[in-house]
Amino acid sequence: MSAFSAENFNATGYDRFRPSYPDEFYQSLQSYHNGNHNLLVDVGCGPGTATFQLSEHLQFKRIVGTDLSTTMINKAQDRLSTASKNFANVSFRVSPGGEFSFFDQGSADMVTAAQCVHWFDFHHFQNEVWKVLAQHGTLAIWGYVDPIFLDYPELDAALLRLQYGDEQLGPYWEQPGRSILRNLFDAFVIDEQKFEDIVEVRYTAQDVRSGRSFSSSPLKVCKVMNLQDFKNYIGTWSSYHNWKDKNPDKPDIRDHFFHEIFSSTKLSWQTEIRVVWNTVYKLARKR
């Protein structure tokens, strides 16, 4: 995840153009949790996207967001200092994903990791989470990947080429993290010797198209945006950041994608589209 840690990474754009998570998911997480509400640690918090939502929906006395990237933590702290709501229970600190040494063992009632756990050594991560969690404390990991334009299935192939084509952004994703996320955490097996009541739910963008019930997963990530905002969203991808670093003098690689869209449809920069992502979440309680 070196792109997100870079000093020149656009954390403001990440904060503005990335999707957030639906209220229904946090309600489901609250219903699942049966431990105390003293300390929640939000790992890989980025600019605080999930951290602030967790504060609003789950009534914890203390919520600490951690991230390896100083750039991201600075943005999260800026948001905290200018927030119109009271987030007195929220704080942030720079720390690697599997590092909990600044907390007492058994002191956390919940550990969350939103859109980041695919960058971690998962075996090490869940062992460290197990140590820091109180008995019956909750581990919650979730992520989203591979957007589609919900109402324009004819553009699926172009989106796929942009993301993974050999001549486009395909070679610039950091691996194996991207493949782990694309496979919706199949590689991550929660240790049943340490955790119980394990819940694993996947929901794909194609499920949305086919009309599969929303109730089958509360984690439906959908964002209405115009195509200019979608272009800005592409600018938050680690692959795009890596491409720019390696090709500073080339025309913007996004231009070919949008030329293809505009030449084959009646869409414009200001056309609003519904963007939907594949999602996955896993919940577990410490034994």
Side-chain angles (χ1 to χ4, degrees), residues 1 4 14-15 18-33 35 40-58 60 63-68 72 76 97-98 108-122 125-126 128-130 133 137-148 176-191 195 197-208 212 214-223 233 236-238 275-286:
M1 59 181 299
F4 298 128
Y14 189 102
D15 181 33
R18 287 271 177 144
S20 56
Y21 309 106
D23 293 350
E24 291 83 356
F25 175 67
Y26 292 108
Q27 292 164 7
S28 179
L29 181 56
Q30 174 63 37
S31 297
Y32 176 87
H33 181 64
L40 185 157
V41 184
D42 183 31
V43 177
C45 66
T49 302
T51 319
F52 290 108
Q53 289 185 300
L54 287 161
S55 178
E56 290 183 299
H57 292 281
L58 281 71
F60 275 78
I63 298 178
V64 181
T66 70
D67 200 287
L68 178 64
M72 289 292 194
D109 300 303
M110 183 179 291
V111 174
T112 59
Q115 195 62 8
C116 63
V117 74
H118 51 288
W119 301 117
F120 302 162
D121 175 337
F122 188 70
F125 173 71
Q126 71 169 320
E128 295 306 304
V129 169
W130 183 84
L133 276 178
T138 297
L139 165 64
I141 62 175
W142 67 94
Y144 61 88
V145 69
D146 292 352
I148 61 169
R178 186 63 180 186
S179 293
I180 291 170
L181 182 57
R182 288 199 77 197
N183 290 322
L184 302 180
F185 299 166
D186 278 346
F188 291 163
V189 178
I190 295 178
D191 187 349
F195 296 93
D197 301 329
I198 298 168
V199 175
E200 302 183 5
V201 179
R202 295 167 179 80
Y203 194 75
T204 71
Q206 296 300 337
D207 288 331
V208 184
R212 182 183 170 205
F214 173 77
S215 62
S216 61
S217 173
L219 186 59
K220 188 173 95 170
V221 177
C222 181
K223 185 178 176 73
Y233 161 66
T236 72
W237 296 355
S238 61
V275 184
V276 178
W277 289 259
N278 300 335
T279 67
V280 58
Y281 69 89
K282 298 190 179 191
L283 311 177
R285 293 191 184 97
K286 177 178 176 176

Residues forming a salt bridge (charged side-chain N to carboxylate O under 4.0 Å, His left out) with Asp197, sequence neighbours excluded: Arg285
Spacing of CZ belonging to Phe188 relative to CD1 belonging to Ile141, to within rounding of 0.5 Å: 6.5 Å
Atom pair OG1/CG of Thr204 and Asp146 - distance to nearest 0.5 Å: 10.5 Å
Which atom of Asp109 lies closest to which atom of Leu133, heavy atoms considered: C-CD2, 3.9 Å
Distance (rounded to the nearest 0.5 Å) between Ser20 OG and Phe25 CZ: 12.5 Å
Distance in Å, Met110 CE paired with Leu54 CG, rounded so as to fall on 0.5 Å steps: 7.5 Å
Partner residues of Tyr233 under the ring pair (Phe, Tyr, Trp, His ring centres under 6.0 Å) criterion, sequence neighbours left out: Phe230, Trp237, Trp277
From CA spacing to verdict: side chain to side chain contact (heavy atoms under 4.5 Å, CB included), Asp207, Arg202: CA-CA 10 Å; Asp207 288 331; Arg202 295 167 179 80; over 6 Å; no
Tyr21/Trp142 under side chain to side chain contact (heavy atoms under 4.5 Å, CB included): CA gap, chis, key distance, verdict: CA-CA 10 Å; Tyr21 309 106; Trp142 67 94; 3.5 Å; yes
Heavy-atom check, side chain of Leu139 versus side chain of Trp130, under 4.5 Å: no
For Gly143 against Leu219, the heavy-atom pair lying closest together: O-CD2, 4.4 Å
Between OG1 on residue Thr279 and OH on residue Tyr203, distance to nearest 0.5 Å: 8.5 Å
Any donor-acceptor pair under 3.5 Å from Gln27 side chain to His57 backbone: no
Closest heavy-atom pair and its distance - Lys223, Arg18: NZ-O, 4.0 Å
Under 3.5 Å: donor-acceptor pair, side chain of Lys286, backbone of Gly137: no
Leu40 and Thr112: CA distance, side-chain angles, deciding distance, side chain to side chain contact (heavy atoms under 4.5 Å, CB included) verdict: CA-CA 8 Å; Leu40 185 157; Thr112 59; 3.8 Å; yes
Results of salt bridge (charged side-chain N to carboxylate O under 4.0 Å, His left out) for Lys282 - residues two or more places apart only: Glu200
Shortest non-hydrogen separation from Gln126 to Ile190 and the atoms involved: OE1-CA, 3.6 Å
Heavy-atom closest pair, residues Asp67 and Gly44: OD2-C, 3.2 Å
Ring pair (Phe, Tyr, Trp, His ring centres under 6.0 Å) involving Phe60 - partner list, sequence neighbours excluded: His33, His37
Check against side chain to side chain contact (heavy atoms under 4.5 Å, CB included), Phe120 and Val43: CA-CA 11 Å; Phe120 302 162; Val43 177; 3.7 Å; yes
Distance, nearest 0.5 Å, that separates CZ of Phe185 from CG of Asn183: 11.0 Å
Side chain proximity check, Pro147 to Val276, heavy atoms < 4.5 angstrom: no
Qualifying residues under salt bridge (charged side-chain N to carboxylate O under 4.0 Å, His left out), relative to Asp191, sequence neighbours excluded: Lys194
pair Asp186-Val280: side-chain heavy atoms closer than 4.5 Å: no
Residues Gln53 and Tyr26: side-chain donor-acceptor under 3.5 angstrom: yes
Heavy-atom closest contact (Gly48 atom, Ala76 atom, distance): N-CB, 4.1 Å
Pairwise salt bridge (Lys or Arg N to Asp or Glu O under 4.0 Å) hits with a residue in residues 42-56, at least two apart: Glu56-Lys85
